[in-house]
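Scroll down for the structure; my scribbles are underneath it.
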Amino acid sequence: MHQNEVKELFDKQAETYDQQWSNTAPIRHCMHLLLRSVFADLPVNANILCIGVGTGDELLYLASNFPNWQFTAVEPSGPMLDICKKRAKESGVDTRCIFHEGYLHSMPFEQDYHAATCFLVSQFILQEERRSAFFGEIAERLKPEGLMASADLSSDIDSPDHDKLLDAWVKMMSMADVSQGTLERMRDAYANDVGILSPPKVCSIIQAGGFELPIQFFQAGLIHAWITKRA
């Protein structure tokens, strides 16, 4: 799936996205709770880069728990970013945020971030070299030894357990407000348009982008999340 196709997909989903996936929100909430713990030692005035921020879940969670942190939200989908802006304003944290509609490479360069989040983004980059280069772009924006929390769908698709795990995952996704046709298209997308790789392979791609060996801090079904430090 090309960048423009991914963007168009999220443009169309933006208005109903949060409501559509509200039944699966406990997964995100648990990941954010653990994210808070792995970011807990950052400076009191930390500057955080949120890549592919979507409607802003992790930004709003971190902003509510760390009242002096500053955030830069990067999101290519204008409709998704508009919702993020609205939610930030309603929560009273918009004055601590910079919003950039576009991609990381289109944003003015600053090597000023203590940490970055990148949740369910790199999985849409199918070429491994490009995926590593994407992580390299993040590393370049971080201060020395800056942290990155990254999450993606991950599984060893050659394992005999993969099909069982995928079936369980799709059944869980059926709890969301989506049609059976959407679920079937999702299963097809996982096979063709999403770079689902084994956890060790994802870790090696992140390392090749300029980070230390990632440490997994969360897993729920196919979602794995890692914390790592700029090498």
Side-chain angles (χ1 to χ4, degrees), residues 1-10 13 20-21 23-32 34-35 38 51-52 54 58 103-104 116-139 147-176 178-231:
M1 187 178 291
H2 297 295
Q3 274 189 345
N4 289 340
E5 292 176 312
V6 175
K7 178 184 177 301
E8 289 172 6
L9 178 65
F10 284 104
Q13 294 182 6
Q20 179 176 321
W21 299 107
N23 288 339
T24 62
I27 293 177
R28 298 193 303 277
H29 295 166
C30 184
M31 183 164 64
H32 295 159
L34 291 168
L35 174 66
V38 298
I51 302 150
E58 73 265 25
Y103 298 94
L104 191 57
T117 61
C118 180
F119 290 163
L120 305 179
V121 175
S122 87
Q123 64 193 28
F124 293 109
I125 304 174
L126 302 185
Q127 297 84 4
E128 293 180 13
E129 289 185 0
R130 285 188 56 208
R131 198 163 171 176
S132 285
F134 167 73
F135 286 117
E137 291 180 36
I138 299 174
L147 299 179
M148 180 185 69
S150 177
D152 280 307
L153 300 181
S154 177
S155 176
D156 182 356
I157 62 174
D158 295 322
S159 166
D161 297 328
H162 172 71
D163 287 342
K164 294 179 181 178
L165 182 59
L166 180 60
D167 285 342
W169 181 256
V170 172
K171 287 175 183 176
M172 185 277 297
M173 299 293 269
S174 69
M175 298 177 189
V178 295
S179 67
Q180 185 61 37
T182 298
L183 289 174
E184 291 304 319
R185 288 193 296 273
M186 189 179 301
R187 185 187 286 268
D188 182 68
Y190 287 170
N192 299 293
D193 299 319
V194 179
I196 298 181
L197 304 174
S198 70
K201 187 63 180 177
V202 176
C203 288
S204 71
I205 288 172
I206 293 172
Q207 271 192 289
F211 288 93
E212 295 183 356
L213 179 65
I215 298 170
Q216 184 177 314
F217 71 89
F218 174 81
Q219 179 184 355
L222 294 183
I223 295 179
H224 293 64
W226 298 270
I227 186 72
T228 185
K229 183 185 294 186
R230 178 182 171 180

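A distance of 5.5 Å separates CH2 in W226 from SG in C203, rounded to the nearest 0.5 Å. Taken from CD in E212 to CD1 in I206, the straight-line distance is 12.5 Å, to the nearest 0.5 Å. Atoms CD and OG, from E128 and S122 in turn, are 11.0 Å apart once rounded to the nearest 0.5 Å. Atoms OG and CG, from S155 and L222 in turn, are 6.0 Å apart once rounded to the nearest 0.5 Å. To the nearest 0.5 angstrom, I223 atom CD1 is 5.0 Å from L120 atom CG. Residue I227 holds its CD1 atom at 5.0 Å from CG of L147, rounded to the nearest 0.5 Å.
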Quiz item: Run the side-chain contact (heavy atoms from CB on, under 4.5 Å) check on I138 and F211 step by step: do they pass?
Solution: CA-CA 10 Å; I138 299 174; F211 288 93; 4.1 Å; yes
Practice problem: For side-chain contact (heavy atoms from CB on, under 4.5 Å), just list the numbers for F134 and C118, CA-CA rounded to whole Å, side-chain angles, deciding distance to a tenth of an Å, and then say yes or no. | Solution: CA-CA 11 Å; F134 167 73; C118 180; 3.5 Å; yes
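Across every non-hydrogen atom of D152 and R131, the tightest pair is OD2-NH2, 3.6 Å. In this structure, A220 and W169 approach most closely via the heavy-atom pair O-CZ3, 3.2 Å. Residues Y190 and M173 share a closest heavy-atom pair of OH-CE, 3.8 Å. Pairing each heavy atom of A149 with each of L35, the nearest pair is CB-CD1, 3.5 Å. Smallest separation of non-hydrogen atoms from P214 and T228: CA-CB, 3.8 Å. Scanning all heavy atoms of the two residues, the minimum distance from M148 to F135 falls at CE-CD2, 3.6 Å.
Without hydrogens or angle criteria, S132 side chain to I205 main chain gives a donor-acceptor distance under 3.5 Å. Proximity of a side-chain donor or acceptor of E137 to a complementary backbone N or O of A139 within less than 3.5 Å is not detected.
Within 6.0 Å of CD1 on I215 lie no more than 12 heavy atoms contributed by other residues, nucleotides or ligands.
Partners of D167 under the side chain to side chain donor-acceptor pair (under 3.5 Å) rule, at least two apart in sequence or in another chain, are R187. Legend: residues meeting side chain to side chain contact (heavy atoms under 4.5 Å, CB included) with S204, ordered by chain and number and at least two apart, are K201. Applying the side chain to side chain donor-acceptor pair (under 3.5 Å) test to E8 and every residue at least two apart in sequence or in another chain returns nothing.
Relative ring orientation between H29 and H32 is described as tilted, the plane-to-plane angle lying within the 30° to 60° band.
Put simply, the side chain of F119 does not reach to within 4.5 Å of the side chain of R28, judged on heavy atoms. Side-chain contact between F124 and V194 is present, with at least one heavy-atom pair separated by less than 4.5 Å.
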